[in-house]
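Below, all heavy atoms of this structure are taken into account, side chains as well, without hydrogens, waters or symmetry copies. Residue indices begin at 1 and follow the sequence shown.
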Amino acid sequence: MQTTMLTVWRKAHLFHPGKGAVSTWVYTIMRNQCFDILRKRQATKEDNYSDDIWPIFEQKLVTDDDPSNKQLGDELITLISTLPEAQQTVVKEIYLNQRSHQDLADQLGLPVGTVKSRLRLGLQKLRLQLEKDDDY
């Protein structure tokens with residue numbers, strides 16, 4: 001709402017009473033800003049998958065000193081190894097080796113969008129597997 005009103009204030013000189021009512025003009029500005037927000041969320045959707053999967057896995061972690069953490073880490077590696085080779089490489093490099101999307105894309109000779117797609121698909125599969133295991 002605040003952003004809409006700020007835009008109305010800044011662009012008030014663009015309003016023409018002959019074209020329509022003020023309320024219609026304001027609602028149009030608000031609607032367009034809502035669409036922009038939704039587009040931004042869709043554009044960063046692949047980033048949200050990692051936020052969905054890691055809390056599921058981290059719930060199992062008790063403390064850093066807990067010996068069962070090694071077992072859980074091994075479990076995660078095993079789950080990652082069930083992914084197709086292309087997705088496996090991307091997930092390991094980005095999350096275990098902390099590589100950036102761009103660095104990995106350059107190394108593999110792929111577009112960044114392909115790396116992000118493979119990451120998104122791999123994380124979706126891991127999430128499904130973790131949720132399935134969690135149900136037992």
Side-chain angles (χ1 to χ4, degrees):
M1 179 65 141
Q2 183 178 5
T3 308
T4 300
M5 296 311 292
L6 185 61
T7 303
V8 167
W9 180 261
R10 288 181 180 160
K11 296 187 178 202
H13 65 282
L14 298 175
F15 173 71
H16 298 289
K19 290 185 177 181
V22 174
S23 60
T24 305
W25 183 66
V26 172
Y27 287 133
T28 301
I29 290 172
M30 185 183 322
R31 184 195 66 173
N32 290 341
Q33 287 181 342
C34 289
F35 287 148
D36 289 344
I37 291 168
L38 291 173
R39 279 189 210 107
K40 284 180 186 177
R41 285 188 182 166
Q42 282 296 103
T44 61
K45 195 172 189 174
E46 63 273 353
D47 297 334
N48 295 335
Y49 286 110
S50 62
D51 294 339
D52 291 343
I53 188 172
W54 298 119
I56 295 169
F57 186 73
E58 288 174 349
Q59 285 175 356
K60 297 179 179 182
L61 298 177
V62 181
T63 65
D64 289 339
D65 300 333
D66 190 349
S68 64
N69 284 352
K70 169 110 173 77
Q71 181 180 359
L72 290 172
D74 294 342
E75 178 186 337
L76 182 60
I77 297 296
T78 303
L79 287 173
I80 291 173
S81 68
T82 64
L83 296 173
E85 186 66 34
Q87 294 168 13
Q88 199 178 119
T89 302
V90 171
V91 170
K92 282 182 181 177
E93 288 297 318
I94 289 178
Y95 286 102
L96 301 179
N97 297 334
Q98 299 180 351
R99 302 275 307 275
S100 72
H101 294 120
Q102 185 63 55
D103 287 344
L104 187 57
D106 292 343
Q107 177 192 345
L108 298 174
L110 298 170
V112 177
T114 301
V115 169
K116 289 182 177 185
S117 294
R118 289 179 181 177
L119 178 63
R120 180 180 47 80
L121 290 171
L123 291 176
Q124 281 177 331
K125 290 176 184 178
L126 286 174
R127 180 178 183 195
L128 289 173
Q129 189 65 33
L130 282 171
E131 287 176 344
K132 186 177 92 177
D133 291 347
D134 201 33
D135 290 341
Y136 294 113

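- Listed by chain and residue number, Arg39 satisfy the salt bridge (charged side-chain N to carboxylate O under 4.0 Å, His left out) test with Asp36 (two or more places apart in sequence, or in another chain).
- To the nearest 0.5 Å, the span separating CG on Leu79 from CZ on Arg127 amounts to 14.5 Å.
- Put simply, NE2 on His101 and CD1 on Ile94 are 3.5 Å apart, with the number rounded to the nearest 0.5 Å.
- Ser100 meets the side chain to side chain donor-acceptor pair (under 3.5 Å) test with Asp103; sequence neighbours excluded.
- In this structure, the side chain to side chain donor-acceptor pair (under 3.5 Å) partners of Thr4, at least two apart in sequence or on a different chain, are Gln33.
- Summarising the hydrophobic clusters (Ile, Leu, Val, Met, Phe, Trp, Tyr; side-chain heavy atoms under 4.5 Å, direct or chained), the residues clustered with Val112 are none.
- Among residues two or more places apart in sequence or in another chain, the side chain to side chain contact (heavy atoms under 4.5 Å, CB included) test is passed with Asn32 by Thr28, Phe35.
- The ring pair (Phe, Tyr, Trp, His ring centres under 6.0 Å) test applied to Phe15 returns Trp25, not counting sequence neighbours.
- Annotation: salt bridge (charged side-chain N to carboxylate O under 4.0 Å, His left out) contacts involving residues 10-22, sequence neighbours excluded, are absent.
- When hydrophobic clusters are built by joining Ile, Leu, Val, Met, Phe, Trp and Tyr residues whose side-chain heavy atoms come closer than 4.5 Å, directly or via intermediates, Tyr27 is not grouped with Val8.
- Nearest approach of Ile80 to Gln88, heavy atoms of both residues: O-CG, 3.3 Å.
- Applying the side chain to side chain contact (heavy atoms under 4.5 Å, CB included) criterion to Ala21, with sequence neighbours excluded, gives Ser23, Thr24.
- In this structure, Thr82 OG1 and Ile77 CD1 are separated by 11.5 Å, a value rounded to the nearest 0.5 Å.
- Rounded to the nearest 0.5 Å, atoms NZ (Lys125) and CD (Gln87) are 4.0 Å apart.
- Under a hydrophobic clustering in which Ile, Leu, Val, Met, Phe, Trp and Tyr are joined whenever their side-chain heavy atoms come within less than 4.5 Å, directly or via other members, Val91 and Leu108 fall into the same cluster.
- To the nearest 0.5 Å, atom OG1 of residue Thr89 and atom CG of residue Leu83 are 10.0 Å apart.
- Closest approach of Val90 and Val115 over heavy atoms only: CG1-O, 3.6 Å.
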- Intermediate values then yes/no, side chain to side chain contact (heavy atoms under 4.5 Å, CB included), Leu126 and Gln129: CA-CA 5 Å; Leu126 286 174; Gln129 189 65 33; 5.5 Å; no
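- The side chain to side chain donor-acceptor pair (under 3.5 Å) test applied to Glu93 returns Asn97, Arg99, not counting sequence neighbours.
- For the pair Pro84/Arg118, no side-chain contact is recorded, criterion being any heavy-atom separation below 4.5 Å from C-beta on.
- The distance from the OG atom of Ser117 to the CG atom of Leu110 is 10.5 Å, given to the nearest 0.5 Å.
- Membership of an apolar cluster is not assigned to Leu14, as no side-chain contact below 4.5 Å to another ILVMFWY residue is traced.
- Residues satisfying the side chain to side chain contact (heavy atoms under 4.5 Å, CB included) test with Ile37, not counting sequence neighbours, are Arg41.
- Within the structure, no pair that satisfies the salt bridge (charged side-chain N to carboxylate O under 4.0 Å, His left out) test touches residues 80-92, not counting sequence neighbours.
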